[in-house]
Each structure stands twice: as structure tokens, then as C-alpha cells.
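Values in this document were obtained by computation on a predicted structure and should not be read as measured data. First listed ligand is number 1; within each ligand, the first listed atom is number 1. Quick note: numbers below take in every heavy atom, side chains included, and nothing from hydrogens, waters or symmetry partners.
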Amino acid sequence: MFTAIPPLESRLPKVGTTIFTVMSALAAEHDAVNLGQGFPDFDCDPKLVDAVVGAMRQGLNQYPPMPGAAALREVIAEKIGRLYGAEYDPATEVTVAAGATQAIFTAVLAIVRPGDEVIVLEPVYDSYIPNIELAGGKAVTVPMTADFRVPWHAVRAAVTPRTRAIMINSPHNPSGTILRDTDMRALEAIAVEANLFVISDEVYEHMVFDGEPHRSASSYPGLAQRSFVISSFGKTFHVTGWKVAYCAAPEPLSLEFRKVHQFNVFTVNTPVQHGLAAYMRDPAPYLGLSAFYQRKRDLFRAGLAGTRFRLLPCEGTYFQVVDYSAVSSLGEAEFSRWLTTEVGVAAIPLSAFSEQPVDRGLVRFCFAKKDETLGLALSRLSKL
Ligand SMILES: Cc1ncc(COP(=O)(O)O)c(C=O)c1O
């Protein structure tokens with residue numbers, strides 16, 4: 001017998017299956033090289049696995065403290081201090097989260113109230129706008145320039161009395177651009193003047209190329225006092241499936257962050273936290289990550305240089321954006337589908353990162369792949 005259920009009005013009526021899931025499924029179906037979704041096709045350092053297994057064998061298998069294992073929070077605070085000159089108290093200002101996605105949503109829920117506006121820059125990582133809307137806020141999108149820089153005058157113009165926060169992401173997914181010192185100072189001036197919070201998504205902080213430093217919000221006092229700085233071990237240590245990340249923020253911000261975190265996930269996987277803490281005592285793996293990915297970037301770009309794709313600059317992340325207008329006049333979504341099914345290489349359309357999709361003839365490739373995977377993709381792409 002069927003009885004009525006309450007009307008199921010979607011909280012996110014515009015949201016469907018993400019393009020990443022769609023393209024990965026299409027890639028698998030057509031045996032395409034998957035340069036779409038951002039994850040490595042190689043394994044992590046076996047020492048990291050050993051450290052996690054070691055933690056399990058030591059019996060570190062029960063709930064850790066709500067904000068994260070103390071040992072991990074300590075190495076995180078040390079790392080931030082050493083790299084960015086910022087001091088965070090691991091006891092009160094660093095929280096371990098179940099991936100950056102959860103940390104970002106938690107930060108949004110901690111600060112955004114119904115009716116608040118939050119500025120995001122387009123192209124925008126796909127979870128930001130749904131996060132803001134779930135919190136009852138309104139996302140105000142500011143398009144980046146054609147070469148994926150931030151037009152700070154437009155950001156300033158987008159601030160209203162209702163603006164509560166701005167969300168930034170550097171190195172930037174999908175464009176591969178980075179924010180420089182002048183950008184951070186412009187952001188700091190706006191955030192201080194308008195008294196805004198900042199959510200700084202720095203998950204690609206250890207992938208910055210050509211000798212440029214990563215500019216963390218934590219390095220700028222005016223920003224650090226109002227920022228939730230978020231990074232992800234998944235990106236840094238080639239373990240995207242582990243979903244462990246952190247948020248560093250001054251105590252009053254962390255206090256509110258933890259209240260939401262406590263009743264959302266409560267705690268994060270204990271042995272992985274202890275394994276990461278032991279592994280991170282040696283900074284070499286994360287300090288060497290930029291060089292590791294720069295070599296892959298150069299290999300991939302050198303291969304693409306012989307094709308009709310036009311390469312956009314790649315200053316950080318493991319993403320390379322290309323202009324395919326000399327290859328095809330299809331729209332970005334159709335081109336990505338065609339490339340996957342007919343050429344055997346999956347890519348992500350840049351339009352997937354915009355609320356109002358604009359077709360600029362650009363797609364994103366992920367080069368966090370074995371050299372032979374990149375070689376296979378290049379051999380297919382060079383036929384175009
Ligand atoms: C910009 C950006 N932020 C956040 C995330 C999510 O990170 P996590 O896998 O730790 O949730 C990603 C993953 O692709 C990302 O590209």
C-alpha cells in the first residue's frame with residue numbers, strides 16, 4: 001500500500017550529477033585516457049601507507065579528539081609557521097576535516113546566515129555556490145578576466161552591505177593561475193575595508209611552478225585574522241580517496257568552525273591522521289611536490305606543443321587548460337564528450353565551472369598521471 005510522503009522540494013534544484021562523474025563514467029565506458037577528473041593514476045609513497053598501517057597496528061583505531069589528532073595538528077601548525085611565517089595554536093586554531101570539501105562547507109556554515117552575500121570568482125570550484133545556498137546565502141559571482149586573473153576593481157564593486165565573505169582559490173582550479181603578492185594585498189585591502197571573512201582554498205599550495213612562492217592568506221596579517229585557510233592532504237600526498245584535510249583559522253573563527261564540524265562529522269579517521277603526522281615529520285615529500293609536478297607539466301606541454309591545441313599558462317595545480325578552437329568548432333561540453341568517445345581522451349569543459357556557461361573553446365586536462373598515461377593521451381591528441 002502506498003501512502004503519501006511530504007513534498008520533496010529540492011534544496012538544490014539546479015544541481016545534477018557533476019561533470020566530473022559524468023566524464024569519468026564516459027571515459028571508463030569508452031576506454032578513454034581519463035585526464036578529466038583531478039586525481040593521480042599512480043600510488044602514494046609506500047612509507048605513508050606503512051605509517052598508517054603502523055598506526056592501526058598500534059591500536060590507534062578509536063575516536064580521536066574532535067578537532068583532530070594532536071600530533072597531526074602540531075605538524076600542520078609547524079608547517080604553516082615554517083612556510084608562511086604564520087602562527088596558529090594547534091590546540092585551538094587548527095582543525096582536521098574529512099577533506100577540503102567538508103572543511104569549506106563547514107567554514108561557510110559557520111559564517112553565512114540567510115540573506116548574506118558571498119563573493120566567488122568564476123570559474124568557480126563546483127561546491128562553493130551550492131554550499132553558500134545551503135547556508136541560506138546568496139553567491140555573487142565575479143568573472144575572472146579572459147586570462148584568468150582577478151579583476152579586483154570588480155570584486156570591490158561587488159561588495160554590498162550584505163557581503164559577508166569572499167572565497168578564493170590559489171593555485172586556481174581549473175585555470176592553473178596563481179594569486180601573486182599584489183593580488184593578496186588587493187584582497188587584504190578590500191576584506192579589511194569591508195570587514196569580510198575570507199575562505200582561502202589552498203589545496204594546491206604545494207604545486208606552484210617556475211620558482212614562484214605560494215602566497216597563503218595566512219602570510220598577510222589583515223587576511224589571516226579573518227581567514228579560514230584550507231588545504232587537503234589528498235592533493236599533497238596523492239591520496240585523494242583518503243579525504244583528510246585541515247582548516248587553520250584564528251581562535252574565534254576556529255571555535256565556530258569546530259561547533260559545526262562537531263555535529264557534522266565529529267571526528268576524522270584516526271589511523272590516517274596518525275600516519276600523516278608521522279610521515280610529515282619529513283618535509284621533503286611536500287617540499288618536493290612542485291618540482292615533481294613541474295616535470296609532468298613540462299612533459300605534457302612539450303607533447304601538446306606539437307598539436308593544434310593552444311596552451312594557456314600553467315603556474316600551479318595539476319591542470320592544463322587548452323584552447324581547442326583550431327581543432328573544432330563544437331561547444332565545450334560537446335567537444336569534451338567527442339574527445340572522450342571518438343579520440344579516447346577525457347577532458348573537462350571550462351564552462352562546467354560557471355553558473356552561466358560561456359563557451360570559450362577551452363577544456364582542462366589533468367596531468368597528475370603516470371608518464372606513460374600522459375604519453376598515450378598525447379599520442380591520441382597529436383592525431384588531431
Ligand atoms: C579547488 C579545490 N578545492 C577543494 C577540493 C576538494 O578537496 P578534497 O578532495 O580534499 O575534498 C578540490 C578537489 O578537486 C579542489 O580542486
Side-chain angles (χ1 to χ4, degrees), residues 18-24 34-41 44 48 68 72 76 94-109 118 120-132 139 141 144 148 150 166-179 198-208 214-217 227-248 257 261 264-265 268-269 272-273 276 286 289 293 314-321 346-350 352-354 364-369:
T18 75
I19 186 77
F20 308 100
T21 307
V22 171
M23 294 310 297
S24 284
N34 191 357
L35 304 190
Q37 204 174 356
F39 61 86
D41 72 343
C44 66
L48 177 56
L72 182 57
I76 293 167
V94 176
T95 308
V96 179
T101 310
Q102 187 246 321
I104 293 164
F105 189 28
T106 302
V108 168
L109 286 174
V118 179
V120 297
L121 298 156
E122 249 181 12
V124 60
Y125 185 64
D126 65 345
S127 70
Y128 296 1
I129 294 177
N131 283 180
I132 295 163
T141 54
M144 293 172 92
F148 299 108
V150 180
I166 171 165
M167 298 176 77
I168 57 159
N169 167 221
S170 177
H172 182 245
N173 175 13
S175 74
T177 56
I178 56 172
L179 295 179
V198 174
I199 297 176
S200 186
D201 178 347
E202 303 184 13
V203 299
Y204 300 103
E205 63 176 321
H206 301 298
M207 302 172 204
V208 184
H214 168 61
R215 305 287 181 181
S216 173
S227 291
F228 297 85
V229 176
I230 290 162
S231 188
S232 171
F233 298 113
K235 306 289 176 188
T236 303
F237 297 128
H238 318 305
V239 287
T240 58
W242 287 9
K243 300 296 290 184
V244 181
Y246 66 82
C247 172
F257 181 97
H261 177 78
N264 182 2
V265 289
V268 176
N269 192 312
V272 167
Q273 291 195 59
L276 282 165
Y286 60 83
L289 197 67
Y293 274 123
C314 171
E315 301 166 338
T317 72
Y318 46 46
F319 300 116
Q320 173 65 55
V321 176
I348 299 288
L350 262 267
F353 297 83
S354 295
R364 186 198 80 178
F365 291 121
C366 171
F367 57 80
K369 307 294 168 188

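Listed here is the closest heavy atom pair of Ser200 and Ile168: OG-CD1, 3.5 Å. The two residues Ser170 and His214 have their closest heavy-atom pair at O-CE1, 3.2 Å. Minimum heavy-atom separation, Met207 to Lys235: CE-O, 3.4 Å.
Rounding to the nearest 0.5 Å places CG of Asn131 at 8.5 Å from OG1 of Thr101. With values rounded to the nearest 0.5 angstrom, Phe319 atom CZ is found 10.5 Å from His172 atom NE2.
When the heavy atoms of Val203, Asp201, Val124 are ranked by distance to atom 3 (N) of ligand 1, first place goes to Asp201. Nearest to atom 5 (C) of ligand 1 by heavy atom, out of Tyr246, Tyr125, Phe353, Phe319, is Tyr125.
Heavy-atom contacts of Lys243 reach the following atoms of ligand 1: 8 (P), 9 (O), 11 (O) (cutoff under 4.0 Å). Proximity to Lys235 (heavy-atom distance under 4.0 Å) selects the following atoms of ligand 1: 12 (C), 13 (C), 14 (O). Per-residue contacts place Asn169 under 4.0 angstrom from the following atoms of ligand 1 (heavy atoms of the residue considered): 1 (C). Near Ser232, meaning under 4.0 Å from one of its heavy atoms, ligand 1 places the atoms 8 (P), 10 (O). The distance from ligand 1 to the heavy atoms of Gly99 drops below 4.0 Å at these ligand atoms: 10 (O), 11 (O).
Not a single heavy atom of Phe233 sits closer than 4.0 Å to an atom of ligand 1. Ligand 1 lies nowhere less than 4.0 angstrom from a heavy atom belonging to His172.
Side-chain contact between Val268 and His261 is present, with at least one heavy-atom pair separated by less than 4.5 Å.
Annotation: Asn173 places an N or O atom under 3.5 Å from an N or O atom of ligand 1; distance criterion only. Considering both main-chain and side-chain atoms, Tyr204 comes within under 3.5 Å of ligand 1 through a nitrogen or oxygen pair. For ligand 1, none of its N or O atoms has an N or O atom of Thr240 under 3.5 Å away. Residue Ile104 has no nitrogen or oxygen atom sitting less than 3.5 Å from a nitrogen or oxygen atom of ligand 1, judged on distance alone.
Between Phe233 and Tyr246, the ring planes lie tilted relative to each other; the angle falls in the 30° to 60° range.
Under a 3.5 Å cut-off, the side chain of Ser227 and the backbone N or O of Val229 do not form any donor-acceptor pair.
Residues meeting the side-chain contact (heavy atoms from CB on, under 4.5 Å) test with Asn34, sequence neighbours left out: Ser24, Ala27, Phe39, Ala346.
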